[in-house]
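Worksheet for the structure shown next.
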Amino acid sequence: MLEFREVTLRRAGRVILDRVNLTVSPGEHLALTGPSGAGKSTLLKVALLFEPVDAGAVLWNGQEVTVADLGAHRSRFLYIGQKPLPFEGTAGEYLNLPFTFAANHALHADQVEQDRLMEALGLDPALKKSPYARLSGGEQQRLTIIQGLQLERSFCLLDEITSSLDQESMRAVVGFFARDKARTVLAVTHNREWLEFGFAEVSLESGKLWRRE
Ligand SMILES: Nc1ncnc2c1ncn2[C@@H]1O[C@H](COP(=O)(O)OP(=O)(O)OP(=O)(O)O)[C@@H](O)[C@H]1O
């Protein structure tokens with residue numbers, strides 16, 4: 001269980017987060033909405049302790065997360081941003097990339113699972129042979145989502161991951177996460193589709209966080 005407790009964050013003389021309280025329980029699906037510049041992405045960075053806070057704390061299962069817990073804490077989360085990084089190689093090599101990192105040495109790529117995820121997100125598995133750089137922004141974005149999903153981290157922090165997708169692809173992605181009851185999801189979005197798929201709305205405005213029931 002992730003908790004933001006009385007989190008206050010000021011930057012450049014402005015209060016971005018003003019005594020924000022939020023608890024995200026296992027299996028919950030939350031859409032974090034709010035105007036541009038409200039601090040939504042910043043809140044995700046705070047969850048991972050990439051942004052230091054001026055007051056308050058981030059807790060995991062009731063315990064404050066400290067710098068000493070950083071590695072273990074960050075390994076609980078799958079973070080996906082809205083812009084895939086450049087990559088030279090095929091789409092298949094891009095999907096296998098995380099398994100080349102020492103941190104994931106205990107994990108192995110499962111080609112059958114990769115194909116299943118590609119089909120679920122509206123991608124033809126034959127795309128794996130294509131050079132990644134030649135794919136569309138929307139295809140690269142969905143491959144980035146699949147790349148992360150393979151790591152089997154159960155808490156997803158998603159930052160506007162559907163912003164470059166057309167309606168059909170976006171519905172495939174949102175529907176996938178909505179059906180996935182094993183994962184906990186906190187998704188920053190400007191897109192009301194997440195709410196239509198059953199995500200509960202938490203909204204950030206003028207530093208204050210509201211949970212809409
Ligand atoms: N390190 C920093 N120094 C100065 N200002 C910062 C810093 N980090 C964030 N900000 C400011 O905090 C505000 C919140 O930014 P953030 O990216 O979290 O907003 P957002 O709600 O995710 O916006 P969008 O919907 O446009 O992506 C912005 O005005 C940003 O410029």
Side-chain angles (χ1 to χ4, degrees), residues 2-24 28-60 64-67 70 73-74 76-86 136-145 147-149 153 155-167 169-171 173-174 176-178 183-213:
L2 174 70
E3 184 182 345
F4 301 89
R5 190 177 288 175
E6 295 287 312
V7 167
T8 295
L9 182 143
R10 299 183 200 92
R11 293 290 183 271
R14 190 159 79 85
V15 179
I16 310 291
L17 303 174
D18 187 3
R19 301 181 65 178
V20 163
N21 288 294
L22 176 67
T23 300
V24 191
E28 267 195 302
H29 286 172
L30 300 181
L32 178 55
T33 66
S36 194
K40 305 180 295 297
S41 301
T42 303
L43 191 67
L44 298 192
K45 289 179 198 152
V46 168
L48 296 168
L49 272 69
F50 282 120
E51 282 286 353
V53 297
D54 293 280
V58 173
L59 292 83
W60 182 260
E64 182 170 348
V65 182
T66 65
V67 176
L70 264 191
H73 180 68
R74 287 180 182 158
R76 299 177 176 121
F77 296 91
L78 169 60
Y79 172 86
I80 306 176
Q82 61 177 300
K83 277 209 179 126
L85 297 172
S136 74
E139 287 166 341
Q140 290 182 354
Q141 178 66 340
R142 281 175 287 164
L143 285 167
T144 301
I145 295 167
Q147 191 194 59
L149 287 171
R153 295 181 178 194
F155 201 124
C156 303
L157 297 170
L158 311 177
D159 197 353
E160 298 196 45
I161 62 165
T162 52
S163 58
S164 66
L165 301 180
D166 63 29
Q167 182 76 6
S169 310
M170 185 256 295
R171 288 181 66 84
V173 169
V174 179
F176 177 87
F177 282 102
R183 286 189 173 89
T184 310
V185 184
L186 178 58
V188 169
T189 186
H190 288 284
N191 189 330
R192 309 301 291 176
E193 200 87 23
W194 291 81
L195 307 177
E196 284 162 30
F197 272 87
F199 277 64
E201 184 174 16
V202 283
S203 195
L204 194 55
E205 197 159 354
S206 305
K208 297 288 186 190
L209 190 82
W210 307 97
R211 191 170 181 137
R212 298 172 198 254
E213 299 302 339

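None of these values were measured; they are calculated from a predicted model. Counting convention: from 1, in listed order, for ligands and their atoms alike.
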Checklist entry - Should the pair Phe199 and His29 be assigned to parallel (<30°), tilted (30 to 60°) or perpendicular (>60°) ring geometry? => result parallel
Item to check | Neighbouring residues of ligand 1, heavy-atom cut-off under 4.0 Å | outcome: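 These residues qualify: Arg11, Arg14, Ile16, Pro35, Ser36, Gly37, Ala38, Gly39, Lys40, Ser41, Thr42, Glu160, His190.
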Item to check | Candidates Glu6, Arg5, Glu3 - the one meeting side-chain hydrogen bond (donor to acceptor under 3.5 Å, both in side chains) with Asn21 | outcome: Glu6
Next on the checklist: side chain to side chain contact (heavy atoms under 4.5 Å, CB included) for Leu17 and Phe4? Distances and angles first, verdict last.
Outcome noted: CA-CA 11 Å; Leu17 303 174; Phe4 301 89; over 6 Å; no
Next on the checklist: Ignoring hydrogens, what is the shortest heavy-atom contact between Arg74 and Arg153? Give both atom names and the distance.
Outcome noted: O-NH1, 3.5 Å
Item to check | Arg11 CZ: over 12 foreign heavy atoms closer than 6.0 Å | outcome: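 It does: Arg11 CZ has more than 12 such atoms within range.
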Item to check | Results of side chain to side chain donor-acceptor pair (under 3.5 Å) for Thr66 - residues two or more places apart only | outcome: Asp69
